[in-house]
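Numbered from 1 within each chain, the chains take letters A, B, ... in sequence-line order.
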There are 2 protein chains.
Amino acid sequence: MQVKETKRNAATSAKPLSRIQEANRKAILNAAIEVFAASGFRGATIDEIATRCGMSKPNLLYYFKSKRQIYQQVLEQTLGEWLAPFEDIDPDGDPIEELRRYITVKLKMSEDNPNASKLFANEVLHGAPVIGEFLETRLKNLVNEKAKVIRHWVGEGKLAPIDPYHLIFMIWATTQHYADFDVQIRAVLGTQAGRPGFYEQAGQAILSIILYGIRPR
Amino acid sequence: MQVKETKRNAATSAKPLSRIQEANRKAILNAAIEVFAASGFRGATIDEIATRCGMSKPNLLYYFKSKRQIYQQVLEQTLGEWLAPFEDIDPDGDPIEELRRYITVKLKMSEDNPNASKLFANEVLHGAPVIGEFLETRLKNLVNEKAKVIRHWVGEGKLAPIDPYHLIFMIWATTQHYADFDVQIRAVLGTQAGRPGFYEQAGQAILSIILYGIRPR
DNA sequence: GTCTATAATTCGATAGAC
DNA sequence: GTCTATCGAATTATAGAC
């Protein structure tokens, strides 16, 4: 059981939030990711985000002081979970199994949370104005680290001599394509694309080509 | 040598355009593809398109009656050339060589004309409001046709038993990724990504994985 | 055909009552 | 905390002079 919000302490930098405040913030961010994913930063309107969580525009702006602040918050929130499975690639694991698992998880993320993928695609497509610095620092370091792992695997003869960076890009491109271009895939395949098992089928096809393509030969 | 524009004939439905008109229209469309690719439909402004081809806003609207009309024109213009190499896949050619050529051409298109790729990515990402019908008709038919070709190749034992549709999506995703996400690639790879020969390197990596991955086994 | 000026609209953000 | 009302900036599109 929890008491009412404790009095604000001017000395603390992080102000505590009531449960209502927390709930409202979360509702806003959930609505925002949908709208930003569908329309991009410029195309999204505060009004639509507000309406989607049953709030008025000024009330929403009571919680976030600007449209850009909501956008940054949503991006930051998603960035961590988006990279987690990439970080999880284990240098000591079996190369083919590690990559199989990564591809599978990444494709599942496209299926379960296409909006997160679309959000990033939009941001990067428009020049990454907000996460540009993140890409040049943390992502760059992380990719270099994992590229080194793959190169090591190649050196051990456990993988064919492929370029680690282009392999990583291929995995990202292929898996995220199913989220970012879902409209096109649905248009081409019709109802088939929405059926249960579709993503399993896609996963098998992708794994079959890539894993066989990087097998030592 | 050419005389001045001939008098308009009210009976002809297609009105002839003077050379100046033609040149101006082309200049507008060239500027428009850059701006739409960089900012999307909503983010692009007529003012920026106009400025980029040394024109005033009202003057540009003398040639195209609305922002949407420019956008549709640019999309239509690019759609044909975009699909041409896909149509060129020859059912009677050698499967591996046909796909090698297609992947190579597609990657070169991403290198030479990234804006066309970004334009489509934006349009599809936002639900394909303009080219949606095209995707469901002409593109769908074309993909079905080529899928049949690939399936036939598989049946002949010239390719491993892979799903044709997912192979096509993988090729599209991977090659277009280098245009659509060029900012991310540049951020991760630094100056290396801009160097001459980078796309050749990418092409070799992609071809190495995919072509080996679909080889009969 | 090209310009200046401006109408009309949309949208982010704020003021201030409750 | 939430609302109504509204300001101000940006932007599409048009009117009308030249």
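- Using a cut-off of 4.0 Å between Lys/Arg side-chain N and Asp/Glu carboxylate O, A:Arg138 and A:Glu87 are scored as salt-bridged.
- The stretch residues 31-39 of chain A has no heavy atom under 4.0 angstrom from DNA chain D at all.
- Put simply, the residue from B:Val130, B:Ile33, B:Ile70 that forms a side chain to side chain contact (heavy atoms under 4.5 Å, CB included) with B:Leu75 is B:Val130.
- Remark: P of C:dC11 and CD1 of A:Ile49 are 12 Å apart, rounded to the nearest angstrom.
- Whole-Å rounding puts the B:Gln21 CD to C:dG1 P distance at 4 Å.
- Distance, A:Leu60 CG to C:dT14 C1': 14 Å, rounded to whole Å.
- Taking a cutoff of 4.0 Å between a charged side-chain nitrogen and a carboxylate oxygen, B:Glu22 and B:Arg19 do not qualify as a salt bridge.
- Side-chain atoms of B:Thr78 and B:Phe120, non-hydrogen and from C-beta on, do get closer than 4.5 Å to each other.
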What does the list of N/O pairs under 3.5 Å between the protein and nucleotides 9-13 of chain D look like, with a distance for each?
from	atom 1	to	atom 2	distance (Å)
D:dT11	OP1	A:Arg42	NH2	2.5
D:dT12	OP1	B:Ala44	O	3.2
D:dT12	OP1	B:Lys67	NZ	3.3
D:dT12	OP2	B:Ile46	N	3.2
D:dA13	OP2	B:Lys67	N	2.8

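- Between the OH atom of A:Tyr62 and the P atom of C:dA17 there is a distance of 18 Å, given to the nearest Å.
- Of the possible donor and acceptor atoms, none in the side chain of A:Glu111 sits under 3.5 Å from a partner among the backbone N and O of A:Tyr199.
- Taking only side-chain nitrogens and oxygens, B:Tyr63 comes nearer than 4.0 Å to OP1 or OP2 of C:dT2.
- Between the CG atom of B:Asn59 and the P atom of C:dC3 there is a distance of 5 Å, given to the nearest Å.
- Cation-pi contact between A:Lys67 and A:Phe41: present, with separation from the ring centre below 6.0 Å and deviation from the ring axis of at most 45°.
- The backbone N or O of B:Ile171 lies less than 3.5 Å from no partner atom in the side chain of B:Lys106, so there is not a single donor-acceptor pair.
- The number of heavy atoms from other shown groups lying within 6.0 Å of CD (B:Glu133) does not exceed 12.
- At C:dG1, none of the side-chain N or O atoms of B:Ser56 fall inside 4.0 Å of OP1 or OP2 (strictly under the cut-off).
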